[in-house]
Amino acid sequence: MRVLVIGSGAREHALLLALQRDPEVTGLAVAPGNAGTARIAEQHDVDVTSNDDVVALARAVRADLVVVGPEVPLVLGVADALRAAGIVCFGPSRDAARIEGSKAFAKDVMAAAGVRTAASEIVDTPARLDAALDRFGPPAGDPAWVVKDDRLAAGKGVVVTADREVARAYAASLLEAGHPVLLESFLDGPEVSLFCVVDGRTVVPLLPAQDFKRAGDGDTGPNTGGMGAYAPVPWLPDDVYRDVVANIVEPVAAELVRRGSPFCGLLYAGLAITAKGPAVVEFNCRFGDPETQAVLALLESPLGQLLYAAGSGALAGFGELRWRAGAAVAVVLAAENYPGRPRVGDVVVGSEADGVLHAGTARRDDGAIVSSGGRVLSVVGTGADLSAARANAYDILRSIRLPGSHFRSDIALLASEGKIRV
Ligand code: GLY
């Protein structure tokens, strides 16, 4: 089986490494990729937001399966274009990708499926902002305002604050730029990401993971695309995990089938485990980053065969997934100033070690690997438990050099100490 992976992050590097372990995968291509993926897959510099270019590339590399990493090509309909060309694709149609691309659609689907989620309101004019802020946040009994950019924002367009002025200023800046704002009630409780492989009605859950969105230790600083993750999640009771699959993900998948937009791909449920039980923070239509780096490090089942089964509607016959015992921890090494405009072009030393996945990297003409984006590497450690996996990840990180770079030192720390409770 020849597989083409679309995307350029550490998530795609992790997908390629897991695909490479599948004995039925005979060839790997990636577009556009990065300096790390170039070592394991044919690299093609195509515009992945052009459906025509992706279909032409899939034909040129004779792909039996295309796996789409990022949400933007999916929301633009790349999976529809590939299927129309007779190519098996792991990724939802444009219609089904609205579960991430349109917050109003996602809320509507969840309401119809009877799924608990945050109360929300779209504000599209400054005149409505103050009254809407009054309906959310601490005065209404919640501990914080949650203000979201109502467009695809790669996880970065969210401000959670107990300070009304901060909430107002962020919302006003979005409105001034002509972007609608989504206000949500705050969901209290630790968060979990649950990835499910879906082929319409059949739902196959992967190991749960937790990611870390804030830039600084102790969940301080601005929101980022994700600074680290770990899997599995020892504090998540099995019955809650089963409850999420049976009463959240399966009903949402069934509701999408009922609406004529069956979801075929990776349905990512971002959940808060509240005192009243699990509630959905958001759905995404693709693998999460950096959780994928941790989850796939533990997958023993053949990923290519799993994703091909989903892409061709044969998931029901795939059987139970097998997982390596133990835990995995992914720590993101970010460039100076990330999540602001990152410093780029610096030489990265030590990035070819085992467990190092590339994201914002490029190979310079002289062969050196240089930084080319905000999140530069994901370093994945594994071990018998979270403590051992953490130690492994931070050991690898110590051998990497990138001027001005930063990383969080507390990824998976509280979970490894048994300090997270639901
Ligand atoms: N881990 C957050 C995301 O992938 O959106």
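Both counts, for ligands and for their atoms, begin at 1 and track the order of listing.
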Are any of the N/O atoms on K213, whether in the backbone or the side chain, positioned under 3.5 angstrom from an N/O atom of ligand 1? no
Under 4.0 Å to a heavy atom of D211 - the qualifying atoms of ligand 1, by number: 1 (N), 2 (C)
Those atoms of ligand 1 less than 4.0 Å from some heavy atom in G288: 4 (O)
Please state which option from Y268, F195, F287 has its nearest heavy atom closest to atom 2 (C) of ligand 1. Y268
One finds that the ligand 1 atoms under 4.0 Å from a non-hydrogen atom of R286 are 3 (C), 4 (O), 5 (O)
Exam field: side chain H13 to backbone L377, donor-acceptor pair closer than 3.5 Å: no
Check the orientation of F195 and F287. Use parallel for under 30°, tilted for 30 to 60°, and perpendicular for over 60°. perpendicular
Examine E282 against ligand 1 and note whether any of their N/O atoms are separated by less than 3.5 Å. no
Indicate yes or no for a side-chain donor-acceptor contact from R408 to the backbone of G216 under 3.5 Å, with no hydrogens or angles considered. yes
Counting N and O atoms only, with roles assigned by atom type, does the side chain of R401 sit under 3.5 Å from a partner on the main chain of R398, one being a donor and the other an acceptor? yes
E320 atom CD, over 12 foreign heavy atoms within 6.0 Å: no
Taking the side chain from N51 and the backbone from L76, do they hold a donor-acceptor pair closer than 3.5 Å? yes
I need the atoms of ligand 1 closer than 4.0 Å to a non-hydrogen atom of N284, numbered in the order shown. 5 (O)
